[in-house]
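Source: prediction; values computed, not measured. For the numbers below, each heavy atom of this structure counts, side chains included, while hydrogens, waters and symmetry mates do not. Throughout, protein chains are lettered first and strands after them, A, B, ... in sequence-line order, and every chain is numbered starting at 1.
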Amino acid sequence: MTCQDHKDLMMAYLDDELDQQQKRAFEEHLASCAECARQLDEFRRLKQLTDSVSFIEPEDRIWQQYWDNVYNRVERGLGWILFSMAAILLAIYGGFKLIETIVTDPDVGALLKVALLVLIGGLAILFVSLLRERLYFWGKDRYKDVRR
Amino acid sequence: MESFCEEETLALWGSRSSTKDAFEAIVKRHMKDAYFIALGLVGNHDDALELSQEAFFRAFKNIKQLSSKGKFFPWFYQILRNLCFSHLRKRRVRRADSLEELDGDTIQANVSDVFDPEMVAERNESKDRVWKAIARLDDKHREVIVLRHFQNLSYEEISKILFCNRGTVTSRLYYARKRLKEILDREKGGRQ
């Protein structure tokens with residue numbers, strides 16, 4: 001084993017994560033390697049220093065209100081989903097009614113009606129094209145499960 | 001501390017009368033761990049509270065992704081750490097935008113400014129120095145220091161929640177401590 005291998009063992013030795021046999025082997029190495037012994041000593045001092053740092057415990061009211069705050073987010077999230085769905089449905093319904101009114105209104109000129117229908121046709125093609133592209137790439141994307 | 005990785009969290013799910021009650025039990029069981037881990041990663045109370053609560057909210061939204069055999073905390077931890085790291089990235093980008101000509105080290109030092117020294121219990125000069133040095137570590141190095149020193153997790157537990165093997169935990173801890181020591185030594189040298 002090289003000193004580099006022992007450096008990995010050094011952390012586990014420091015944190016008392018070695019079994020008896022590994023511990024003995026590492027201590028034997030320490031006895032014969034001044035460099036590793038010196039490093040271990042430095043890491044031991046650093047560990048003591050780091051272990052001495054702890055966090056202030058927040059006031060009790062933070063823990064008492066914690067779940068309520070999480071639940072409020074859940075509730076508001078649900079509220080936003082319902083609101084968005086209803087807004088989309090109402091917008092589609094309103095748009096449909098508006099188009100129907102314009103198309104069936106005899107006072108509206110034929111040119112405007114044709115332009116409106118072409119506009120709707122264009123939007124529909126764009127929507128279908130985008131949807132198809134998304135579905136096609138989603139099926140073929142090898143990285144879709146990779147966490148970003 | 002009870003193990004993060006025990007199966008019983010999910011058992012709670014089936015034993016409660018409603019989803020809300022079950023999730024409430026899970027949140028109450030893990031809220032302190034979530035808050036203190038976030039505090040170690042982002043360095044101040046307000047962000048830690050906000051991010052840990054947001055992580056629970058996202059966990060609730062996506063709870064179906066957790067397979068029945070999965071354990072709640074390792075899965076939840078991925079959500080929490082991604083949120084914290086993404087928060088830190090945004091903070092760095094904001095700082096970099098406002099301080100255009102600074103190099104990486106200076107930006108990291110500026111980000112560490114928001115690590116609130118008031119969060120450290122029984123403060124003294126050496127603890128403040130360590131906390132400041134931890135703030136200046138890379139995210140992944142700070143993460144193992146937080147999990148090992150502040151959460152007192154074993155290597156086994158750390159490897160479970162980081163979804164890596166024990167060897168990776170050991171070597172990441174080695175480099176994190178080495179870097180921590182370098183920062184402390186450099187600072188000590190600079191003050192002399």
Side-chain angles (χ1 to χ4, degrees), chain A residues 3-19 22 26 35-36 38-81 144-148, chain B residues 20 23-25 27-28 31-32 34-36 39-40 45 48-50 52-61 78 82 86 116 118-124 126-131 133-134 145 148-150 152 154-156 166-167 169-178 180-181 184-185:
Chain A
C3 266
Q4 185 55 47
D5 296 326
H6 282 107
K7 274 170 189 158
D8 284 344
L9 282 179
M10 190 183 289
M11 292 301 112
Y13 180 78
L14 201 63
D15 292 318
D16 202 16
E17 291 265 351
L18 293 182
D19 60 37
Q22 289 172 315
F26 183 70
E35 175 56 23
C36 282
R38 187 191 58 78
Q39 259 207 345
L40 178 68
D41 206 37
E42 286 177 0
F43 277 124
R44 193 174 274 141
R45 278 202 298 274
L46 179 74
K47 182 176 149 58
Q48 277 169 357
L49 211 56
T50 318
D51 280 342
S52 72
V53 178
S54 59
F55 293 133
I56 281 191
E57 180 82 19
E59 300 160 37
D60 282 348
R61 73 176 170 83
I62 297 288
W63 304 129
Q64 283 154 11
Q65 293 167 356
Y66 196 95
W67 162 247
D68 289 339
N69 291 335
V70 173
Y71 185 66
N72 286 341
R73 280 168 202 256
V74 172
E75 214 170 45
R76 275 176 218 148
L78 188 68
W80 273 112
I81 290 170
K144 67 181 181 220
D145 293 326
V146 174
R147 197 185 296 275
R148 291 183 169 92
Chain B
K20 183 186 163 229
F23 199 66
E24 182 177 353
V27 170
K28 286 184 171 169
M31 63 186 178
K32 289 193 177 185
Y35 167 80
F36 282 117
L39 182 60
H45 168 79
L49 194 62
E50 164 73 24
S52 63
Q53 288 173 344
E54 179 65 21
F56 278 117
F57 166 59
R58 292 192 187 190
F60 183 78
K61 268 204 317 191
Q78 295 301 311
N82 286 345
S86 138
D116 184 1
E118 297 287 333
M119 289 293 100
V120 175
E122 297 164 26
R123 286 177 66 191
N124 60 35
S126 73
K127 285 183 189 180
D128 279 6
R129 271 195 321 119
V130 174
W131 177 232
I134 289 171
I145 294 286
R148 176 65 206 173
H149 289 280
F150 301 145
N152 292 318
S154 67
Y155 286 15
E156 191 65 29
R166 229 180 110 97
V169 174
T170 316
S171 88
R172 214 176 275 178
L173 255 175
Y174 174 75
Y175 288 107
R177 283 170 170 161
K178 200 165 166 243
L180 191 59
K181 207 174 90 50
L184 285 166
D185 287 347

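Contacts of B/Val27 with chain A are made by side-chain atoms alone, with heavy-atom separations under 4.5 Å and no backbone atom involved. For chain A, the nearby part of B/Arg166 is the side chain; its heavy atoms alone come within less than 4.5 Å. A/Asp15 touches chain B through backbone and side chain together, each having a heavy atom under 4.5 Å away. Both the backbone and the side chain of B/Ser52 come within less than 4.5 Å of a heavy atom in chain A. Interface residue A/Glu57: backbone and side-chain heavy atoms are both found under 4.5 Å from chain B. Both the backbone and the side chain of B/Lys20 come within contact range of chain A, each with at least one heavy atom under 4.5 Å from a heavy atom of that chain.
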Verdict with supporting geometry, A/Tyr71 and B/Glu24, side chain to side chain contact (heavy atoms under 4.5 Å, CB included): CA-CA 8 Å; A/Tyr71 185 66; B/Glu24 182 177 353; over 6 Å; no
Going through the checks in order, is the side chain to side chain contact (heavy atoms under 4.5 Å, CB included) test met by A/Arg73 and B/Phe56? CA-CA 9 Å; A/Arg73 280 168 202 256; B/Phe56 278 117; over 6 Å; no
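Two rings, from B/Tyr174 and A/Phe43, have their centers less than 6.0 Å apart.
Atoms CG and CD1, from A/Leu46 and B/Ile145 in turn, are 7.0 Å apart once rounded to the nearest 0.5 Å. Summarising the geometry, atom CG belonging to A/Asn72 is positioned 11.0 Å from atom CZ belonging to B/Phe57; distances are rounded to the nearest 0.5 Å. Taking CZ of B/Arg172 as the reference point, atom CE of A/Met11 lies at 15.0 Å (rounded to 0.5 Å). To the nearest 0.5 Å, atom OG of residue A/Ser54 and atom NE2 of residue B/His149 are 13.5 Å apart.
A/Pro58 and B/Tyr35 get closest at one heavy-atom pair: CG-CE2, 3.5 Å. Taking every heavy atom of both residues into account, B/Phe60 and A/Val74 meet most closely at CE2-CG1, 3.3 Å. Shown here for B/Thr170 and A/Ala12, the closest heavy-atom pair between the two residues is CG2-N, 4.4 Å.
The number of heavy-atom neighbours closer than 6.0 Å to OH of B/Tyr175, taken from other residues, nucleotides and ligands shown, is 12 or below. Within 6.0 Å of NZ in B/Lys178 there are 12 or fewer heavy atoms belonging to other residues, nucleotides or ligands.
Between the B/Gln53 side chain and the A/Asn69 main chain, no donor and acceptor come within less than 3.5 Å of each other.
Annotation: side chain of B/His45 is in contact with side chain of A/Ile62 (closest heavy-atom distance under 4.5 Å). Using a 4.5 Å heavy-atom threshold, the side chains of A/Trp63 and B/Lys32 count as touching. Within the 4.5 Å cutoff, the side chain of A/Trp67 has heavy atoms near those of the B/Lys28 side chain. Between B/Glu156 and A/Glu17 there is no side-chain heavy-atom pair separated by less than 4.5 Å. Counting only heavy atoms from C-beta outward, the side chains of A/Tyr66 and B/Leu49 approach each other to under 4.5 Å. Within the 4.5 Å cutoff, the side chain of A/Val70 has heavy atoms near those of the B/Phe23 side chain.
Among B/Asn124, B/Leu173, B/Leu39, the residue with the largest count of heavy-atom pairs under 4.5 Å with chain A is B/Leu39. Your options are A/Leu78, A/Thr50, A/Asp16, and the one with the most heavy-atom pairs under 4.5 Å with chain B is A/Thr50.
Annotation: side-chain hydrogen bond (donor to acceptor under 3.5 Å, both in side chains) contacts of A/Gln65 (sequence neighbours excluded): none. Considering only residues two or more places apart in sequence or on other chains, A/Glu42 meets the side-chain hydrogen bond (donor to acceptor under 3.5 Å, both in side chains) condition with A/Arg38, B/Lys181.
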